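The model shown is predicted, which means the values in this text are computed figures rather than measured ones. Sequential numbering from 1 along the given sequence is applied to the chain's residues.
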Amino acid sequence: EAQLVESGGELVQAGGSLRLSCATSGFTFNDYTIGWFRQAPGQERQGISCLSNSDGTTYYAESVKGRFTMSSDHAKNTMYLQMNSLKPEDTAIYYCAATPVGCYYPSDYVVSLYNTWGQGTQVTVTS
């Protein structure tokens, strides 16, 4: 059974950094794209980044570009999201998800192709 488990979310001051982890199991990590999504209270879920383990393609939303970076540890089947220069508007529950297709702009159709989701981890950024 495919599983994703996020960790690393916590309360941090604006300007600080966090690294989220997405530990995966039950599927061939190297063949999948992992995406990060977030949902703030009262807002729709937003796709913020993805990385294809098969070809290295990445995508970052404009709101996080230059501040967030994804990386893979293939030995641990774990994906990371390094978040720097955090802002209060980054406060949200962060989810990772896996898809066997490539890393593309997260349209509604592309998001529907993510077939395994983690339970989420809370990130709170205080001003």
Side-chain angles (χ1 to χ4, degrees):
E1 178 186 2
Q3 283 192 324
L4 303 176
V5 179
E6 303 95 335
S7 61
E10 59 182 74
L11 189 148
V12 63
Q13 286 191 335
S17 298
L18 283 176
R19 189 178 77 161
L20 304 184
S21 299
C22 176
T24 76
S25 61
F27 60 93
T28 305
F29 182 71
N30 291 352
D31 292 342
Y32 273 66
T33 291
I34 304 296
W36 284 98
F37 301 79
R38 67 185 183 187
Q39 188 166 20
Q43 297 187 20
E44 293 188 353
R45 182 179 58 193
Q46 176 192 17
I48 59 171
S49 65
C50 60
L51 187 156
S52 167
N53 282 318
S54 61
D55 66 9
T57 302
T58 59
Y59 161 82
Y60 294 96
E62 285 299 319
S63 58
V64 305
K65 193 175 293 184
R67 300 188 299 123
F68 291 9
T69 304
M70 291 184 66
S71 61
S72 288
D73 185 331
H74 292 266
K76 296 181 178 180
N77 291 341
T78 298
M79 187 70 75
Y80 301 101
L81 181 67
Q82 178 67 42
M83 306 188 296
N84 299 328
S85 303
L86 283 162
K87 306 174 181 180
E89 51 264 43
D90 294 319
T91 295
I93 300 174
Y94 284 70
Y95 302 88
C96 62
T99 177
V101 302
C103 172
Y104 301 102
Y105 171 82
S107 64
D108 288 347
Y109 171 70
V110 168
V111 173
S112 74
L113 299 179
Y114 283 84
N115 54 19
T116 305
W117 291 78
Q119 81 290 349
T121 186
Q122 176 71 49
V123 172
T124 303
V125 185
T126 61
S127 57

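Rounding to the nearest 0.5 Å gives a distance of 4.0 Å between CZ of Phe68 and CG of Asp90.
When all heavy atoms of Gly47 and Ala61 are compared, the closest pair comes out as O-CB, 3.9 Å.
Within the 4.5 Å cutoff, no side-chain heavy atoms of Cys103 are placed close to those of Met70. Side-chain contact check for Val5 versus Gln119: some heavy-atom pair is nearer than 4.5 Å. Side chains of Asp73 and Ser21 form no contact here, defined as non-hydrogen atoms less than 4.5 Å apart. A 4.5 Å side-chain heavy-atom check between Asn84 and Ser17 finds at least one atom pair inside the cut-off. Counting heavy atoms from C-beta outward, Val125 and Val12 have side chains that approach closer than 4.5 Å.
For Glu62, the salt bridge (Lys or Arg N to Asp or Glu O under 4.0 Å) test picks out Lys65, with sequence neighbours left out.
Within a 6.0 Å radius of CG in Asp108, other residues, nucleotides and ligands contribute 12 heavy atoms or fewer.
Between the side chain of Gln82 and the backbone N or O of Arg19, no donor-acceptor pair lies under 3.5 Å. Put simply, the side chain of Thr99 gets close to the backbone of Val101: a donor and an acceptor are under 3.5 Å apart.
Ring geometry for Phe37 versus Tyr114: interplanar angle over 60°, hence perpendicular rather than tilted (30 to 60°).
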Applying side-chain hydrogen bond (donor to acceptor under 3.5 Å, both in side chains) to Arg38 and Gln46, what does each step give before you reach the verdict? CA-CA 5 Å; Arg38 67 185 183 187; Gln46 176 192 17; 3.1 Å; yes
